[in-house]
Amino acid sequence: MDLEARSNIEKRVSRYAFPMRKHCQKRFLSFIFLLTLALTGGINISQAAIKAGTSCPAIGKTIKSAGVNYQCVKSGKKLQWRKVVTPVVAPPSTPVAPVAPALPTGVKYQPEGCHAKVSATLQKKVNDTWLDIAPAEGWEKIAECDSDHPFKPYLHADLANGTVIRWKVYVPGGWEWFSNSLTVKTLVIPTVGQAIPAIAATKYAGVAEMARKSILNDMPETKVTVATTFVFEDSIPDIERKVIQGGVAKTLAHYSPYFDSTFKFHIFVFSTSAFLKNEAPKADPTNTVFGENMARQSLTWGGRDPRNCVGMGGFAVPETPFPFIAIDAPCTQNDGAAYGVLPHEITHSLQMKIGSANSRCWAPIWLVEGQPQVAGSAFATSENGDAYAAHRKSWVDRIVKPDSVGPIKAMEGETTDFSEYTLGGALSEYLIAKGGWKRSLELFSQAASQSASACLSGEVKLANFNKAFLALYGESVDDFYQEALPYLQWVATNKK
């Protein structure tokens, strides 16, 4: 209430006070005083106290409540009040020493995924509210990222063990993207584990079956508890729909216990790029980055002639709030490679669940893609039932015989001939047969436990993976390559 309004009210009250008898004046003047207090404090009495985190009307609006200044800011999709902290200024008479700029310290934190160089802030969760820690210290160019989004922000910080953090990447006044949350933990320093014997050459013919049995025995069939949503473009043939739904059901019958009850797969099946570009983003309409990702993907997927093509392809997007799997399936007939596509992509989500981030953050690409190839064969489903042999043959037949460990080392990153899906499949098969399915999955959690970042790449990723490999298999990754080379040569020669 402004001063002029207050003055007018007091004048109106006084007009009725003067005619009163003298013995009433004292009591009435007390009433005037109380009324004036109520009127001058009216705003504070009628207005609910402002609290940090409650909703507010417009970005930038400020208000003072209970002696505290608040500003309206955007947090995620909501507008919320946030306390404005006023720095304490020393009196003019007190000499103030120049403050040295803060130097980076502590652990280096980075988000998963690849980004354009925009704005980024590391945040921590306090109760149910996300608070800013500090803006990005810089942007690192990542070799594995595409040219449109080649960077990752980073910040060195000392954070308490157990702090829940995430990255906010955004354009001020525009879009926002939030990384998966990560709990800061004490980093594990692995020891060298007990060495696992190599598989004798006389047993190479049984390695594939050993790997398959390990997968089925380590994760036996159980009740499917994971929800799945299917979105099919109208033109998808029935034969493709049957294979897709069968592969999902068979794989989740084994994987369900490893996903929590809130986990929900979104399976999107398309035949045209336009459908992928326009319809897929509706799965998460508030995620601008996801929509842009689908628009880019549409440039390289869709458009095959259903009458002449065979099989299907697909990709998984683990960075969305739910596992999103897109399948290109326009064909009126299938081949062996098609039968393991859905098990392959769902295995990527299992890798992510165990490693708490995209599997490419922790492991060489030969394992990231080779392991799902082996699982894809184990759970492969055709329109007529089990398709293990047909699917395994589809990738074994394409293996090019390596003459040294050079082609194996090349698969630590992506290759131009996609050997990580073929030769990498055989290498992963040997690994699973040697140490078991669960041990091969544990490589992701062990590698992740050595980093406080949400994702790693390049030499640091491979160094951490090697430590994890030493802890679980008792030998270095390079020694393993030498050990497995004869098996890879045997498979390439015999196509078995």
Side-chain angles (χ1 to χ4, degrees), residues 194-221 247 250-251 254 335-341 343-344 347 364 366-382 384-411 415 417-441 443 469 472-475 477-496:
Q194 184 176 356
I196 300 175
I199 299 173
T202 55
K203 296 183 178 181
Y204 283 173
V207 165
E209 187 59 27
M210 289 167 61
R212 182 192 187 195
K213 285 183 177 179
S214 178
I215 294 171
L216 298 177
N217 292 337
D218 281 2
M219 292 186 172
E221 187 172 355
K250 186 173 181 179
T251 307
H254 292 267
D335 64 354
Y339 301 140
V341 169
H344 179 111
T347 302
W366 65 259
L367 182 64
V368 173
E369 296 298 348
Q371 190 185 62
Q373 283 292 79
V374 183
S377 295
F379 301 127
T381 304
S382 73
N384 299 313
D386 180 79
Y388 166 75
H391 182 264
R392 183 174 182 275
K393 179 177 172 57
S394 71
W395 56 266
V396 166
D397 282 352
R398 293 184 285 132
I399 294 176
V400 176
K401 184 178 179 179
D403 57 0
S404 68
V405 296
I408 304 175
K409 289 282 291 183
M411 295 188 299
T415 66
D417 61 359
F418 303 105
S419 59
E420 57 266 33
Y421 293 85
T422 55
L423 190 64
L427 185 60
S428 297
E429 191 172 63
Y430 180 91
L431 182 73
I432 295 165
K434 172 186 168 80
W437 171 243
K438 282 190 176 179
R439 189 188 298 264
S440 74
L441 286 168
L443 280 167
F469 203 92
L472 290 169
Y473 292 89
E475 63 181 326
V477 175
D478 285 343
D479 287 343
F480 171 70
Y481 292 162
Q482 291 286 356
E483 174 192 323
L485 177 60
Y487 174 70
L488 303 183
Q489 293 171 332
W490 183 90
V491 173
T493 300
N494 296 282
K495 302 301 180 185
K496 293 182 179 180

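Numbers here simply count residues along the sequence, with the first being 1.
Summarising the geometry of G376 relative to P343, their closest heavy-atom pair is CA-CB, 3.8 Å, with the distance given to 0.1 Å. Taking all atoms of both residues into account, the shortest heavy-atom contact from S214 to G436 is OG-CA, 3.4 Å. When all heavy atoms of G425 and V374 are compared, the pair lying nearest together is O-CG2, 3.3 Å. Y473 and G435 get closest at one heavy-atom pair: CE2-CA, 4.1 Å.
Looking at L485 and P402, their side chains come closer than 4.5 Å, going by heavy atoms from C-beta outward. In this structure, L216 and K213 have side chains that are not in contact, with every pair of non-hydrogen atoms separated by 4.5 Å or more. Annotation: side chain of D478 is in contact with side chain of K409 (closest heavy-atom distance under 4.5 Å). Within the 4.5 Å cutoff, the side chain of L443 has no heavy atoms near those of the Q371 side chain.
Between T415 and D417, the side chains place a donor N or O and an acceptor N or O closer than 3.5 Å (distance only, hydrogens not considered). Checked by atom type, the side-chain pair S428/Q373 shows no donor-acceptor distance below 3.5 Å.
Put simply, the side chain of D335 gets close to the backbone of A338: a donor and an acceptor are under 3.5 Å apart. Using modelled atom types, one side-chain atom of K495 and one backbone atom of I399 make a donor-acceptor pair closer than 3.5 Å. Under a 3.5 Å cut-off, the side chain of S394 and the backbone N or O of H391 do form a donor-acceptor pair. K434 contributes a side-chain N or O that, together with a main-chain N or O of I196, makes up a donor-acceptor pair within less than 3.5 Å.
The line from CG of L367 to CG of L427 is 8.5 Å long, rounded to the nearest 0.5 Å. Between atom CD of residue Q489 and atom CG of residue D403 there is a gap of 8.0 Å, rounded to the nearest 0.5 Å. Here the OH atom belonging to Y481 is positioned 5.5 Å from the CH2 atom belonging to W366, to the nearest 0.5 angstrom. Atoms NZ and OG, on K393 and S377 in that order, are 12.5 Å from each other to the nearest 0.5 Å. Note that CD of E369 and OG1 of T422 are 11.5 Å apart. Values are rounded to the nearest 0.5 Å. Taking CZ of F469 as the reference point, atom OG of S440 lies at 10.0 Å (rounded to 0.5 Å).
Partners of E429 by side chain to side chain donor-acceptor pair (under 3.5 Å), not counting sequence neighbours, listed by chain and number: R392, Y487. When the ring pair (Phe, Tyr, Trp, His ring centres under 6.0 Å) test is applied to Y339, no partner is found at least two apart in sequence or on another chain. Under the side chain to side chain donor-acceptor pair (under 3.5 Å) criterion, W437 pairs with no residue at all, not counting sequence neighbours.
Salt-bridge check for D386 with K250: passed, with a basic side-chain N closer than 4.0 Å to an acidic carboxylate O.
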Using the side-chain contact (heavy atoms from CB on, under 4.5 Å) rule, take Y204 and K496 through it: C-alpha gap first, then chi angles, then the decisive distance, then the call.
CA-CA 9 Å; Y204 283 173; K496 293 182 179 180; over 6 Å; no
Go through the steps to decide whether L423 and L488 satisfy the test side-chain contact (heavy atoms from CB on, under 4.5 Å), and finish with yes or no.
CA-CA 7 Å; L423 190 64; L488 303 183; 3.9 Å; yes
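Ring geometry for H254 against F379 counts as tilted: the plane angle lies between 30° and 60°, on a 0 to 90° scale. Note on ring orientation: taking the six-membered ring where Trp is involved, the planes of H344 and Y421 are parallel (angle under 30°, cut-offs 30° and 60°).
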